[in-house]
Every structure is written in structure tokens, then in C-alpha cells.
Amino acid sequence: MSYIPGQPVTAVVQRVEIHKLRQGENLILGFSIGGGIDQDPSQNPFSEDKTDKGIYVTRVSEGGPAEIAGLQIGDKIMQVNGWDMTMVTHDQARRRLTKRSEEVVRLLVTRQSLQKAVQQSMLS
């Protein structure tokens, strides 16, 4: 998904609701993230646009809450519980995802396969 500064962003999104797993004092999501406005976007293996500083899913634990909810490696996280995640640092994203007061995390994500499916259907 390419982005032109100053222009609206159009994205095909999917809702993913993750119920955190309680392990002692910890609440486990079962995935890792990469990216953020403070990171080098050229190092992001999931972005076609190497200037994209979005937050991406880099790992999903097998059998964990994120996998059960349908989250996939390479998903770009657009929102977390209604909070915009398109212009946040890596640490801000991590803190937003791991808030102890929230046992459920509702994400809006976009993924390449969704974008391609919509483009294919528009060509048919």
C-alpha cells in the first residue's frame, strides 16, 4: 500500500479481536511487532513501500491468542482499540498493545492478500 503525504489513506481492513491469555501476572497476546516512526523503514521485510513506517506483525506464536484470532505475519496494524497506529513509535505501539487494564485487544489490520483480493474483484 503506497502512501502520498497529504492525501487520504485508502486501505482494505479486517477486524481482529484478541483475548489475552493470562499467565500469572502477565497477559499474553502471542505476537511480536516491528516498525514505527522511530525505526528504519527500509529494514521492514513486509512493506512494499520502503518509506512506510507503520507497525507490522513480525511473529505469531503457534496456538497463541493472536493465531487463534486470525492475526497473520505481515499484517499492518492500523488501529488498536480505536487508537490510530499509523504514526506511532515502536514503544508507543508496544505500550498500547500491552495495557494491563485491557484483556481484549481489538485491531484493525490490513494485509497484502486482502488488498490483492479486492483489486482482483474490481478487475473481474
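- Atom NZ in Lys76 sits 11.5 Å away from atom CE in Met85 (nearest 0.5 Å).
- Nearest heavy atom pair, residue Ser42 against residue Asp40, reads OG-OD1, 2.7 Å.
- Nearest heavy-atom pair, Pro41 versus Thr51, reported as atom, atom and distance to 0.1 Å: CB-C, 3.8 Å.
- In this structure, the separation between CG on Asn26 and CZ on Arg100 is 6.0 Å, given to the nearest 0.5 Å.
- A donor-acceptor pair under 3.5 Å is formed between the side chain of Lys20 and the backbone N or O of Glu102.
- A pairwise comparison of heavy atoms in Ala93 and Ile33 identifies CB-CD1, 3.8 Å as the closest pair.
- The side-chain heavy atoms of Trp83 and Val88, taken from C-beta on, include no pair separated by under 4.5 Å.
- Side chains of Glu62 and Glu67 form a contact here, defined as non-hydrogen atoms less than 4.5 Å apart.
- By the 4.5 Å heavy-atom criterion applied to side chains, Val16 and Arg106 are not counted as neighbours.
- For the atom pair CG of Leu27 and CG of Leu97, the computed distance is 12.5 Å after rounding to the nearest 0.5 Å.
- Considering only heavy atoms from C-beta on, Leu71 comes within 4.5 Å of Ile18 through its side chain.
- Taking 4.5 Å as the limit, some side-chain heavy atom of Leu108 sits within range of a side-chain heavy atom of Arg15.
- Surrounding CZ of Arg59 are more than 12 heavy atoms belonging to other residues, nucleotides or ligands, all under 6.0 Å away.
- Between Val104 and Glu17, the closest heavy-atom pair is CG1-CG, 3.5 Å.
- Separation of atoms CG (Leu107) and CG (Leu29) is listed at 8.0 Å; rounding is to 0.5 Å.
- Between Val80 and Lys99, the closest side-chain pair of non-hydrogen atoms is not below 4.5 Å.
- Annotation: the span from Thr86 atom OG1 to Ile77 atom CD1 amounts to 12.5 Å, rounded to 0.5 Å.
- For the residue pair Thr89/Asp91, the side-chain donor-acceptor check at 3.5 Å is not satisfied.
- The nearest pair of heavy atoms linking Lys53 to Gln39 is CE-O, 4.3 Å.
- Annotation: side-chain contact (heavy atoms from CB on, under 4.5 Å) contacts of Gln23 (sequence neighbours excluded): Leu21, Ile28.
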Fill in: Chi angles and distances behind the side-chain contact (heavy atoms from CB on, under 4.5 Å) call for Phe31, Asp75
CA-CA 11 Å; Phe31 73 97; Asp75 283 353; over 6 Å; no
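- Val109 and Arg111 get closest at one heavy-atom pair: CG2-NH2, 4.2 Å.
- Taking CD of Gln79 as the start and CG of Asp84 as the end, the distance is 6.5 Å to the nearest 0.5 Å.
- Judged purely by atom type and a 3.5 angstrom limit, Asp38 uses its side chain to pair as donor or acceptor with the backbone of His90.
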